[in-house]
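These notes concern the structure reproduced below.
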Amino acid sequence: MTQELEQLRERALADLEQAETPEALEAWRVAYLGRSGEVTLSLRGIGQLPPEERPAAGQMANQVRLQLTEAYETRQATLETAALDESLRAEALDVRLPGRPPSLGYLHVITQVLREIYTIFGQMGFHVYRSPEVEDDVTNFQMLNIPPHHPARDMWSTFHTTDAGVLLRTHTSPGQIHAMRAYHPEPFRVILPGKCYRYEQVTTRSEHMFYQVEGLAIGQNITMADLKGVLESFVKEMFGPERKLRFRASYFPFTEPSAEVDVDCILCEGEGCQLCKHSGWLEVLGCGMVHPTVLRNGGYDPEAYTGLAFGMGPERLAMLKYGIPDIRLFYSNDLRFLRQFA
Ligand code: FA5
C-alpha cells in the first residue's frame with residue numbers, strides 16, 4: 001500500500017507540473033483530491049487493509065493528501081501570479097507617449113459674420129436686442145400690417161405648431177414690436193439677430209432655416225437719408241470701399257417707402273454667374289421707413305416719431321464676402337467646407 005501511495009504522489013506531482021491553466025488545475029484537483037479523487041479513494045480503502053497495516057498506511061495517505069494539497073495551493077498561487085503579470089504586461093500604459101491632442105472647435109462662419117455685423121453696427125450706436133424665434137401670428141404678421149389673407153403672407157409662408165396661431169417666425173421683424181414696446185417712449189437703435197424659418201423650396205440661395213439681422217432706429221428726426229447712410233456705411237465696412245450697392249424700390253407692408261438693397265456680385269464682379277442668377281447683383285436685405293401703423297402698434301406716435309428699419313441675411317452676406325456659390329454648404333456639416341473658416 002505504501003508503495004502504491006508513493007507512486008500516486010509521484011504521478012500527481014508530475015501531473016501538477018503540467019497544469020498550466022486554471023481549468024487544468026481544477027481538473028487535477030478533482031482527479032486527485034476531489035470526492036471521488038484517487039487520494040480520497042485511497043484513504044477510504046485503508047479500512048479494508050489488515051489491521052496491522054492500517055496505522056502506517058493511514059499516516060502515509062494523510063501525509064500524501066497534505067503534501068498534494070500544499071503543492072496544489074503553491075501551483076495555484078504561481079498560476080495566479082503569472083496571469084496577473086501577463087495582464088499587467090498586456091495592458092501596460094506607457095505614460096511617456098505623447099497624448100492625442102484634443103481637437104479644438106472654432107466658430108462657424110455664420111457666427112463669425114454675425115459678430116462682424118454686431119461690431120459694425122455697434123460702432124454706429126446700435127446694440128443687440130434678442131427676440132423670440134417662436135412667435136404668434138399677431139406679432140409675426142398682424143402687428144406688422146399683414147392681416148389674415150393679405151397676399152404678402154405668400155412670401156412668408158412658415159412652419160406652424162399644433163397650437164393655433166403659434167409659429168416659427170419668418171423674419172426678425174416681429175422683434176421690432178417687442179423692442180418698441182420695451183423702449184417706449186425713448187428713442188433707440190437696436191439690431192435683432194436670430195434664426196428665421198420659411199416653408200419654401202431650398203435652392204442655392206434659399207434655405208428653410210437661415211439667419212436675419214434686423215435693424216431698427218426710432219427717433220424724432222430720422223429720415224430715408226439716415227437709412228441710406230447707415231446701410232452704405234455698413235456695406236463698405238463689411239465688404240470694402242470698392243463694393244457697389246443699389247437701392248431698388250420695393251414693397252413691404254411694414255415700411256413706407258420700402259427698398260431692397262443689392263450688392264454687386266463679388267464672384268463674377270458683375271459679369272453674371274450662378275450665385276447672382278446672372279444679374280450681376282445679389283439681394284442682401286430689405287429696408288424702409290417704419291410704417292405709421294407699425295409705429296403705433298409699438299406705442300410711438302407717428303406724428304412725432306419716425307424710424308428706419310432693415311432686415312438682412314447673413315448667409316447671403318457671407319456668400320458675397322467669401323464667394324460661396326451655394327447656401328446649402330453652411331448647414332450641411334461638411335468639415336472640408338467649414339474648416340476653411342477656422
Ligand atoms: C424680410 O424678411 C423683411 N422682414 C425685411 C425687412 C425688414 C424689410 C425691415 C423692411 C424693414 P425678405 O423676405 O426679403 O424681407 O428677407 C430679407 C433678407 O433675408 C433677404 O434679402 C435675404 O438676405 C434673407 N433671406 C430671405 N429668405 C431667405 C432664405 N430662404 N434663405 C436665406 N436667406 C433668406
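Side-chain atoms are counted along with the backbone in the values below, which use heavy atoms only and exclude waters and symmetry mates. As the structure lists them, so they are numbered: ligands from 1, and atoms in each ligand from 1. All of these numbers come straight from a predicted model, not from anything done at the bench.
- Crowding of E10 atom CD: a count of heavy atoms from other residues, nucleotides or ligands under 6.0 Å exceeding 12.
- Ring geometry for F126 against F121 counts as perpendicular: the plane angle is over 60°, on a 0 to 90° scale with 30° as the lower cut.
- In the displayed structure, Q340 atom CD is contacted under 6.0 Å by more than 12 heavy atoms of other residues, nucleotides or ligands.
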Please produce the table of protein N or O atoms sitting under 3.5 Å from N or O atoms belonging to ligand 1, one pair a line, distance to 0.1 Å.
{"residue": "ligand 1", "atom": "2 (O)", "partner": "R198", "partner atom": "NH2", "Å": "2.9"}
{"residue": "ligand 1", "atom": "2 (O)", "partner": "Q212", "partner atom": "NE2", "Å": "3.0"}
{"residue": "ligand 1", "atom": "4 (N)", "partner": "H171", "partner atom": "ND1", "Å": "2.9"}
{"residue": "ligand 1", "atom": "4 (N)", "partner": "S173", "partner atom": "OG", "Å": "2.9"}
{"residue": "ligand 1", "atom": "13 (O)", "partner": "W156", "partner atom": "NE1", "Å": "3.1"}
{"residue": "ligand 1", "atom": "13 (O)", "partner": "R198", "partner atom": "NH1", "Å": "2.8"}
{"residue": "ligand 1", "atom": "13 (O)", "partner": "R198", "partner atom": "NH2", "Å": "3.1"}
{"residue": "ligand 1", "atom": "16 (O)", "partner": "Q212", "partner atom": "NE2", "Å": "3.3"}
{"residue": "ligand 1", "atom": "19 (O)", "partner": "Q212", "partner atom": "NE2", "Å": "3.1"}
{"residue": "ligand 1", "atom": "21 (O)", "partner": "E283", "partner atom": "OE2", "Å": "2.6"}
{"residue": "ligand 1", "atom": "21 (O)", "partner": "V284", "partner atom": "O", "Å": "3.4"}
{"residue": "ligand 1", "atom": "21 (O)", "partner": "L285", "partner atom": "N", "Å": "3.3"}
{"residue": "ligand 1", "atom": "23 (O)", "partner": "V284", "partner atom": "O", "Å": "3.1"}
{"residue": "ligand 1", "atom": "23 (O)", "partner": "G313", "partner atom": "N", "Å": "3.3"}
{"residue": "ligand 1", "atom": "27 (N)", "partner": "R198", "partner atom": "NH1", "Å": "3.4"}
{"residue": "ligand 1", "atom": "30 (N)", "partner": "E200", "partner atom": "OE2", "Å": "2.7"}
{"residue": "ligand 1", "atom": "30 (N)", "partner": "E207", "partner atom": "N", "Å": "3.4"}
{"residue": "ligand 1", "atom": "30 (N)", "partner": "E207", "partner atom": "O", "Å": "3.0"}
{"residue": "ligand 1", "atom": "31 (N)", "partner": "E207", "partner atom": "N", "Å": "3.0"}

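- Aromatic ring pairs are classed by plane angle as parallel below 30°, tilted from 30° to 60° and perpendicular above 60°; the pair Y305 and Y300 is perpendicular.
- Between F159 and Y197, the angle of the ring planes goes over 60°, which puts this pair in the perpendicular group of the 30/60° scheme.
- F141 carries R153 over the face of its six-membered ring, with the cationic atom under 6.0 Å from the centre and within 45° of the normal.
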